[in-house]
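Every chain is numbered from 1, with letters handed out A, B, ... down the list of sequences. In this text the structure is predicted, and so the values were computed from the model without any measurement.
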Amino acid sequence: MTTKVRFAPSPTGYLHVGGARTALFNWLFAKNTGGKFLLRIEDTDKERSTEEAIEAILASLSWLGLDWDEGPFYQTERLDIYQKEAQKLVEAGCAYECYCAPVELEKRRQEALSSGGTPRYDRRCHDLSSKEASAYQARGLKPCIRFYSEDKGETIVEDLVRGRVVFENAELDDLIIMRPDGLPTYNFAAVVDDLDMGMTHVIRGEDHLPNTPRQIQIYKAMEAKPPSFAHLSMILGEDKAPLSKRHGAASVEVFRDQGYLSDALINFLALLGWAFDDKTTLFSREELKTHFGLDKVTKSPAVFDTAKLDWMNGQYIRDLSDAELAEKLLPFWQGAQLLPAEKINGEMREKLTFLASICRERLIKLSDIIGLTDFFFKDVDFDERAVNKVLKKDGAKESLEAVAAKLKSIDKWSHQVIDEELRALAEEREIKPGKLFQPIRVAISGRTVSPPLFESLEALGKETSLARIEKAKTLTVS
RNA sequence: GCCCCCAUCGUCUAGAGGCCUAGGACACUGCCCUUUCAAGGCGGCGGCGCGGAUUCGAAUUCCGCUGGGGGCACCA
C-alpha cells in the first residue's frame with residue numbers, strides 16, 4: 001500500500017516553526033516511504049482565515065523546499081461534500097439537528113465548570129419532536145448538526161509514536177459537526193477530507209490527540225477505516241512555554257529574513273523530536289529522506305535552542321562555495337541600502353564573491369554580513385572606543401605614516417604582496433606585527449574587528465585604502 | 001474541576017535489564033593556532049525528578065508522587 005500524508009494548516013497567521021516541523025515530518029515520511037504528500041488549507045473559520053496568511057504559508061513551505069504532490073485543496077471549496085456527508089449521518093441516526101443558542105451553551109458550560117463538573121452537551125435537542133423543530137424554524141432559527149457520540153465503552157487510539165491511548169467514551173460529548181451556515185467544523189471536515197483524499201497516515205501536533213477519539217468515532221459512523229495516527233510533541237521556547245512570537249522568531253519567514261539557510265533550518269527542525277543514531281547531527285536532505293522513520297520520533301516536548309540553530313547555520317554557510325554564498329548575501333547587502341541595483345555588474349560580482357570568501361567563517365546568519373562589510377560600500381564610521389584604544393596611542397601616527405609610504409610603493413595590489421610588505425615593515429621597525437596592523441584596521445574599517453586585514457585592503461583598492469589611512473592620521477595624537 | 005500526554009547533562013538527544021565508569025552534538029570553559037574577530041584542533045565541566053516494587057542485576061519493567069504540557073468551542 002502506498003502511503004499518503006498531508007499538511008493541513010489553517011491560514012490564520014504565518015507558518016509557525018511548529019507547523020513547519022509537522023510539515024517536514026509528513027514530507028519526510030512520504031519521501032521515505034515512496035508515498036504522496038499533499039497540502040490542504042483548512043479555512044473553514046471565515047473570521048480568522050486570510051488570503052495573506054495563505055500566501056505566507058505557501059511561500060514559507062516553498063522556501064523550505066517542502067513541495068507537495070497534490071493540492072493545495074481548500075475546504076471552503078468543498079462545502080457541498082461536507083453537507084452531503086453530514087446529511088448521510090443524520091439519516092443514519094448518527095447525527096442530529098440542534099437549535100441551542102451559542103450564548104445559552106456557553107452559560108451552561110460556565111455553570112458546569114463553576115460547580116466543579118465537566119461541561120458536556122446534555123443532548124436536549126436529540127429527541128426534538130417535529131413540532132418543536134418547526135417552532136424553532138418559525139422563529140427563524142437554523143440548526144447546527146451534532147454528532148451523536150458513543151457514550152459507553154472506550155475508544156482506543158493506536159498512536160505510532162505514543163503507543164496505545166485509551167479514552168472513555170463517556171468523556172466525549174456530542175460535538176457540533178456543521179454550523180447553521182453550512183460550514184463544517186474542524187473534527188468533521190478533517191475526517192471527511194482525510195477519507196476522501198485517501199490519507200493512510202495522519203501525522204500532526206500533539207494538541208490534536210484529544211480530538212482523535214472523536215474523529216475515530218466519526219470514521220466508524222461513516223463506516224470507514226481510520227488512518228494510522230502519529231502525534232508529534234510540542235516545540236517549546238527556552239522558558240519551556242509553548243514557542244510563540246514573544247520568544248523572538250517563531251515564524252519561518254522571520255528566520256529567512258534574518259539570514260538562516262533553509263537547509264540549516266530543515267536539518268535543525270528534523271532533530272527536534274527525531275534522531276537517527278547516537279552521533280549524527282548534520283544531515284543532507286537526501287540523508288533525512290532515507291533515514292527518517294516514525295519509529296524514531298521522540299515523545300517528549302523539545303525546546304527550540306536558537307544557539308544550536310546558529311551553530312548549524314554557520315556549518316551550512318561554510319559549506320557554500322564563494323559564488324553561492326555571494327548570491328545568497330546579495331539581498332542582504334541590498335536590503336541594507338549598501339548596494340544599489342545599478343552597481344551590480346561583472347566586476348562588482350567578482351568583488352562580492354571575494355568578500356563572501358573572506359567573511360564566510362565569520363557569519364552565523366547571512367545578515368551578519370552587513371556589519372562585517374559595510375565599510376567596503378560606504379565611508380568609515382569610526383567607533384570612538386576603537387579610535388581611543390588604537391589611534392590615540394603613541395606611535396600610531398608614525399606607524400600609519402610608514403604604512404602609507406610602504407603601501408604607496410606597491411604596484412601589484414594583492415593581499416599576498418601587501419602581507420609580505422607589511423610584515424617586512426614590522427620587522428624593519430622592530431615592532432610586533434599586530435601592533436603595526438591594528439591601526440591600519442581601525443583606519444580602514446573604523447573598528448577593532450574586521451575581516452582579514454590584507455584581504456580587506458585588497459578589496460578596498462589602493463586608492464581608497466591610502467585615503468582612509470590619510471584621514472585616520474588626523475585622529476591620532478603626536 | 002475532569003480527561004489525556006510527557007519526564008536522561010543548561011538545551012537537542014543515544015540508550016528497548018547486564019555492552020553504562022550513561023555516548024554524541026550545541027552552549028559554557030581551558031589550552032593550541034593566530035594581524036583583530038572568527039573558524040579549526042585538543043581537553044574539561046555537566047545528567048538518569050522523587051519514593052516504592054520486580055530482579056542476582058534497572059536509566060531501561062510496574063505502581064505511586066511530584067513537576068511540565070495539551071485538551072474540555074458554532075477555533076483549528
Round to the nearest Å and state the distance from [X] atom [atom1] to [N] atom [atom2].
X	N	atom1	atom2	value
A:N313	B:rA38	CG	C1'	15 Å
A:K308	B:rA25	NZ	P	10 Å
A:F276	B:rC12	CZ	C1'	17 Å
A:L320	B:rA39	CG	P	17 Å
A:E455	B:rU36	CD	P	13 Å
A:R441	B:rC37	CZ	C1'	8 Å
A:N169	B:rC3	CG	C1'	13 Å
A:K299	B:rA14	NZ	C1'	15 Å

Provide the distance between the two [atom1] atoms, one in [N] and one in [M], to the nearest whole Å.
N	M	atom1	value
B:rC3	B:rG64	P	13 Å
B:rG46	B:rG23	P	12 Å
B:rC28	B:rC37	P	16 Å
B:rA22	B:rA16	P	15 Å
B:rC9	B:rC50	P	10 Å
B:rG52	B:rC19	C1'	28 Å
B:rU8	B:rC48	C1'	4 Å
B:rG69	B:rC63	P	24 Å

How would you label the contact of [X] with the nucleic acid (heavy atoms, under 4.0 Å): base, sugar-phosphate, or nothing?
X	answer
A:L271	sugar-phosphate
A:F268	nothing
A:S233	nothing
A:V442	nothing
A:G273	sugar-phosphate

Check: [X] ring centroid to [Y] ring centroid under 6.0 Å:
X	Y	result
A:F276	A:F292	no
A:W333	A:F377	yes
A:Y316	A:Y260	no
A:H208	A:Y186	yes

Practice task
Check whether more than 12 heavy atoms from other residues, nucleotides or ligands sit under 6.0 Å from atom NZ of A:K142, and answer yes or no.
Solution key: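 It does not: A:K142 NZ has 12 such atoms or fewer within range.
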Practice task
State whether the number of non-hydrogen atoms from other residues, nucleotides or ligands found under 6.0 Å of A:Y14 atom OH is greater than 12.
Solution key: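 No, because the 6.0 Å sphere around OH of A:Y14 holds 12 heavy atoms or fewer from other groups.
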Choose from [options] the nucleotide whose nearest atom is closest to any side-chain atom of [X].
X	options	answer
A:A307	B:rC26, B:rU35, B:rA76	B:rC26
A:L105	B:rC74, B:rC37, B:rC5	B:rC74
A:S10	B:rU11, B:rA76, B:rG24	B:rA76
A:E361	B:rA38, B:rA7, B:rA14	B:rA38
A:D305	B:rC74, B:rG24, B:rG10	B:rG10
A:D278	B:rA14, B:rC3, B:rA76	B:rA14
A:Q438	B:rU35, B:rA14, B:rU8	B:rU35

Practice task
Write down the atom of A:T44, the atom of A:L183, and the distance for their closest heavy-atom approach.
Solution key: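 Closest pair (atom of A:T44, atom of A:L183, distance): O-CD1, 3.9 Å.
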Exercise for the section: Taking all non-hydrogen atoms of both residues into account, name the closest pair between A:R360 and A:R318 and its distance. Expected result: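 Shortest heavy-atom contact: CD-CA, 3.4 Å.
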Under 3.5 Å, is there a donor-acceptor pair linking the side chains of [X] and [Y]?
X	Y	result
A:H231	A:R204	yes
A:Q438	A:R441	yes
A:N169	A:E154	no
A:Y148	A:R123	yes

Considering only nitrogen or oxygen atoms on both sides, find all protein atoms under 3.5 Å from nucleotides 65-72 of chain B and state each distance.
none

Handout entry: Along RNA chain B (nearest heavy atom to each residue), the more 5'-positioned of A:R423 and A:D277
Key =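 Mapping each residue to its closest nucleotide by heavy atoms, the 5'-most match is A:D277.
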Exercise for the section: Please confirm whether any donor atom in the side chain of A:R362 sits under 3.5 Å from an acceptor in the base of B:rC37, or the reverse. Expected result: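 Check passes, donor-acceptor contact within cut-off.
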With a 3.5 angstrom cut-off on both distances, give the Watson-Crick or G-U wobble partner of [N], or none if there isn't one.
N	value
B:rU66	B:rA7
B:rC45	none
B:rA73	none

Show each protein N/O and nucleotides 40-42 of chain B N/O combination with a separation under 3.5 Å, one pair to a line.
unit_1	atom_1	unit_2	atom_2	d
B:rG40	OP1	A:Q315	NE2	3.3

Just the table, please: protein N/O against nucleotides 15-17 of chain B N/O, every pair under 3.5 Å.
none

Handout entry: Any donor-acceptor pair under 3.5 Å from A:T185 side chain to A:I176 backbone
Key =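 Indeed, once roles are kept as given, a pair shorter than 3.5 Å links the two residues.
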Problem - Distance test, side-chain N/O of A:R360 to OP1/OP2 of B:rA39, below 4.0 Å - result: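 Indeed not, no polar side-chain atom of A:R360 lies that close.
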Problem - A:T44 side chain near B:rA76 phosphate (N/O to OP1/OP2, under 4.0 Å) - result: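 Result: yes.
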Exercise for the section: Decide yes or no for A:S233 and A:T298: does some side-chain heavy atom of the first lie under 4.5 Å from some side-chain heavy atom of the second? Expected result: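 Heavy-atom side-chain distance check fails, nothing below 4.5 Å.
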Problem - Result of checking A:L320, A:N313, A:L329 against A:L363 for side chain to side chain contact (heavy atoms under 4.5 Å, CB included) - result: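 Only one option passes, and that is A:L329.
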